[in-house]
Number of protein chains: 2
Amino acid sequence: MTTIRDVAKLASVSVATVSRVLNNSGYVNELTRERVNKVINELNYQPNSIARSLYKKETKTVGFIVPDISNPFFPALIRAAEDYLNEQGFTIILCNSDEDVEKEERYLSMMKQKYVDGVLIISDYLTAEQVKEAPMPILALDRTVDDDVPTVLVDNYQGGRTATKHLMEMGCERIAHIRGPEHIENANDRYDGYLNIVRDTDWFDDSYVAQGGYQLNQAKEAATKLLTENPSIDGIFASNDLMALGALKAAERLNFNVPHDVKIIGFDGIEWTKATTPELSTMSQPLYEIGKKAASLLVEIIQGNKIDQKKFIFPLTLEKRKSTER
Amino acid sequence: MTTIRDVAKLASVSVATVSRVLNNSGYVNELTRERVNKVINELNYQPNSIARSLYKKETKTVGFIVPDISNPFFPALIRAAEDYLNEQGFTIILCNSDEDVEKEERYLSMMKQKYVDGVLIISDYLTAEQVKEAPMPILALDRTVDDDVPTVLVDNYQGGRTATKHLMEMGCERIAHIRGPEHIENANDRYDGYLNIVRDTDWFDDSYVAQGGYQLNQAKEAATKLLTENPSIDGIFASNDLMALGALKAAERLNFNVPHDVKIIGFDGIEWTKATTPELSTMSQPLYEIGKKAASLLVEIIQGNKIDQKKFIFPLTLEKRKSTER
DNA sequence: GTGAAAGCGCTAACAT
DNA sequence: ATGTTAGCGCTTTCAC
């Protein structure tokens with residue numbers, strides 16, 4: 001590896017001068033600059049960013065902690081963040097937490113040691129103190145870590161309401177809900193939105209709600225049970241798209257025609273929803289925008305700029321597709 | 001941030017001693033060790049890995065360059081690699097190249113500057129020299145960068161043969177192929193496998209092959225054209241699952257029943273294939289194993305161990321599903 | 001406009 | 001068994 005010393009020697013200047021032309025800082029004679037640049041090119045010299053980071057205490061790196069990159073919901077978010085961060089000269093360290101607090105803590109501590117400049121996190125588990133103790137700015141997306149942590153997400157409650165209302169408008173009279181994990185707040189919010197619409201109907205009771213754990217197979221079982229035990233169900237609002245697909249599979253196997261016998265709507269708007277037959281209606285999140293906004297806010301904070309709010313709420317779009325047609 | 005000096009001072013020892021207990025190296029009295037550890041805990045001290053990296057010239061970081069994380073094929077590979085690398089104390093820097101050589105080069109050069117210990121890459125574009133010039137070990141997966149670069153992948157040629165033969169065995173008599181990009185070798189290999197089976201039939205000619213660019217929509221158009229211009233086609237081998245889905249969508253829209261009128265098989269074995277109706281047959285790759293193997297080989301090389309071969313070929317599994325049933 | 005030198009936080013000779 | 005110190009490659013103050 002060639003170092004700044006090599007360049008300095010060959011250009012017959014001091015390392016300070018080389019550093020100046022490297023960083024475009026301070027005064028340096030035009031001719032000297034040219035000479036130095038020539039040597040830099042000749043030697044194909046690239047500054048060692050580790051050394052630079054040690055001095056400057058900044059690494060141009062941000063961490064991104066996601067539950068599980070194999071879950072099709074997350075890649076779009078990551079991709080968007082990476083695109084923006086890369087433009088800004090940052091690099092992403094990716095970590096899968098598996099929704100496990102301990103892993104999150106380990107990753108956070110590792111990031112602290114590696115001096116990342118900031119971290120993006122999708123988590124429901126970290127405590128307010130953990131976030132406050134962290135030496136670098138943290139920004140949450142998709143889920144709320146703590147009210148004090150800047151967060152980018154959608155209005156899950158309204159989304160739950162809209163989805164449920166849509167089913168009603170399409171003629172459903174008995175609407176079941178397959179909910180997500182109880183420890184995930186956005187699942188609770190979507191559930192509350194559903195409740196808000198159905199609570200006061202004459203048919204509603206607890207038996208219309210099942211736990212699907214945000215998982216395809218669990219939702220499939222849940223839907224099978226729901227439809228078997230209560231064949232009058234003619235609408236299902238699943239709290240995410242994976243579970244909507246599970247419901248679709250269940251209906252198929254039970255020979256319920258979708259959308260004729262039972263209509264299904266999901267939540268998130270992942271690409272899969274266009275792959276199914278019938279295509280799935282869904283409350284679509286602007287995933288790319290969310291990821292990008294999160295990244296850009298984080299960069300702002302890293303650069304020391306104050307941001308004017310804590311919560312950034314993006315609009316949901318009701319995608320009406322075949323699975324909820326009349 | 002508390003440093004090794006703070007610990008040393010508080011424990012009334014030198015930084016060398018602290019470093020020794022930190023790294024479990026050299027001699028250190030049991031009592032001193034305890035005292036130091038106590039202070040470390042009290043101060044909640046964590047060594048600065050930037051400083052450590054600067055000295056040791058190793059960062060416990062590896063780069064992973066993938067074409068596009070939003071493509072559902074890649075996350076499983078990344079996840080597997082992350083799992084293994086993390087166990088081994090490594091951290092992953094993720095980069096999306098969009099199949100763009102210049103981006104790949106930029107990322108590689110950035111990784112060089114950041115002193116990553118090694119890189120995993122999914123690419124068809126880098127030249128042998130570029131790889132050889134790199135100061136850190138590089139390992140390819142899924143695609144061959146250069147014969148000299150250790151590579152983990154499947155036998156695409158045989159896979160193409162097997163898929164095509166399967167369609168024949170299921171009764172297809174006119175089998176079309178939707179191929180992947182010409183500059184991607186694995187697409188060519190799969191195509192060659194197909195050719196090997198159909199070349200000598202009395203019906204085959206060029207009109208049975210269409211370009212799908214490994215993309216859903218392009219494949220959908222290609223399949224529409226194929227099926228419209230030649231309705232005698234009763235089998236389609238798509239070079240990846242995304243395109244198989246495109247073909248399925250096309251068939252659906254043209255009112256071809258799958259599998260009755262036309263059978264479809266894909267390649268890769270991504271999760272999506274189980275989401276469709278009918279579920280898609282596919283040549284399934286052991287994605288998790290491939291990712292894990294790639295990661296473990298890279299770690300071996302980083303640790304200075306020689307590996308005994310250049311190419312590691314994993315078996316494909318023919319997943320027979322509804323889309324190719326008789 | 002340029003150079004000398006200190007120092008970022010750590011590790012590892014080397015000395016004791 | 002422990003301490004002193006040089007040095008990893010860079011940036012930046014301070015002199016000149």
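Because the structure is a prediction, the values reported are computed rather than measured.
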Carboxylate-amine/guanidinium contact B:K310 B:D148, below 4.0 Å: no
Can you tell me if A:D83 and A:Y288 form a side-chain donor-acceptor pair at under 3.5 Å? yes
Distance check: side-chain N/O of A:N48 vs OP1/OP2 of D:dC8, anything under 4.0 Å? no
NZ of B:K57 versus C1' of D:dC10: gap in Å, rounded? 11 Å
What is the distance from CG of A:L22 to C1' of D:dG9, rounded to the nearest Å? 11 Å
Report the distance from atom CD1 of A:I78 to atom CD1 of B:I78, rounding to the nearest 0.5 Å. 7.5 Å
Quick one: which of D:dA1, D:dG9, D:dT13 gets closest to the side chain of A:R20? D:dT13
Starting at OH of A:Y84, measure out to CD1 of A:I92 and round the result to the nearest 0.5 Å. 12.5 Å
If you count every heavy atom of other residues, nucleotides or ligands that lies below 6.0 Å from B:K311 atom NZ, does the total exceed 12? yes
Could you check whether A:S25 gets within reach of a base, just the sugar-phosphate, or nothing at all, counting any heavy atom under 4.0 Å? nothing
May I ask you to say what B:Y115 touches in the nucleic acid, namely base, sugar-phosphate or nothing, with a heavy-atom cut-off under 4.0 Å? nothing
Short of 4.0 Å, heavy atom to strand atom, which residues of residues 3-16 of chain B count as contacting DNA chain C? B:T3, B:I4, B:A16
When you list every nucleotide of DNA chain C with an atom under 4.0 Å from a heavy atom of chain A, which one comes first 5' to 3', and which comes last? C:dG1 to C:dG9
Steps toward side chain to side chain donor-acceptor pair (under 3.5 Å) verdict (B:E58, B:S53): CA-CA 5 Å; B:E58 77 176 30; B:S53 293; over 6 Å; no
Quick one: do B:E30 and B:R33 make a salt bridge, cutoff under 4.0 Å? yes
Can you tell me if B:Y55 touches the phosphate of D:dC10, counting only side-chain N or O atoms and a distance under 4.0 Å to OP1 or OP2? no
Looking across every strand, which nucleic acid part, if any, lies under 4.0 Å from A:S49 by heavy atom: base, sugar-phosphate, or nothing? nothing
So, do A:T61 and A:F90 sit near enough that their side-chain heavy atoms are less than 4.5 Å apart? no
I want to check something: taking the side chain as every heavy atom from C-beta on, are B:L43 and B:L10 in contact at a cut-off of under 4.5 Å? yes
Rounded off to whole Å, could you give me the CG-to-P distance for the A:L54 and D:dT12 pair? 13 Å
On DNA chain D, compare the nucleotides closest to B:T32 and A:I50; which residue's is nearer the 5' end? B:T32
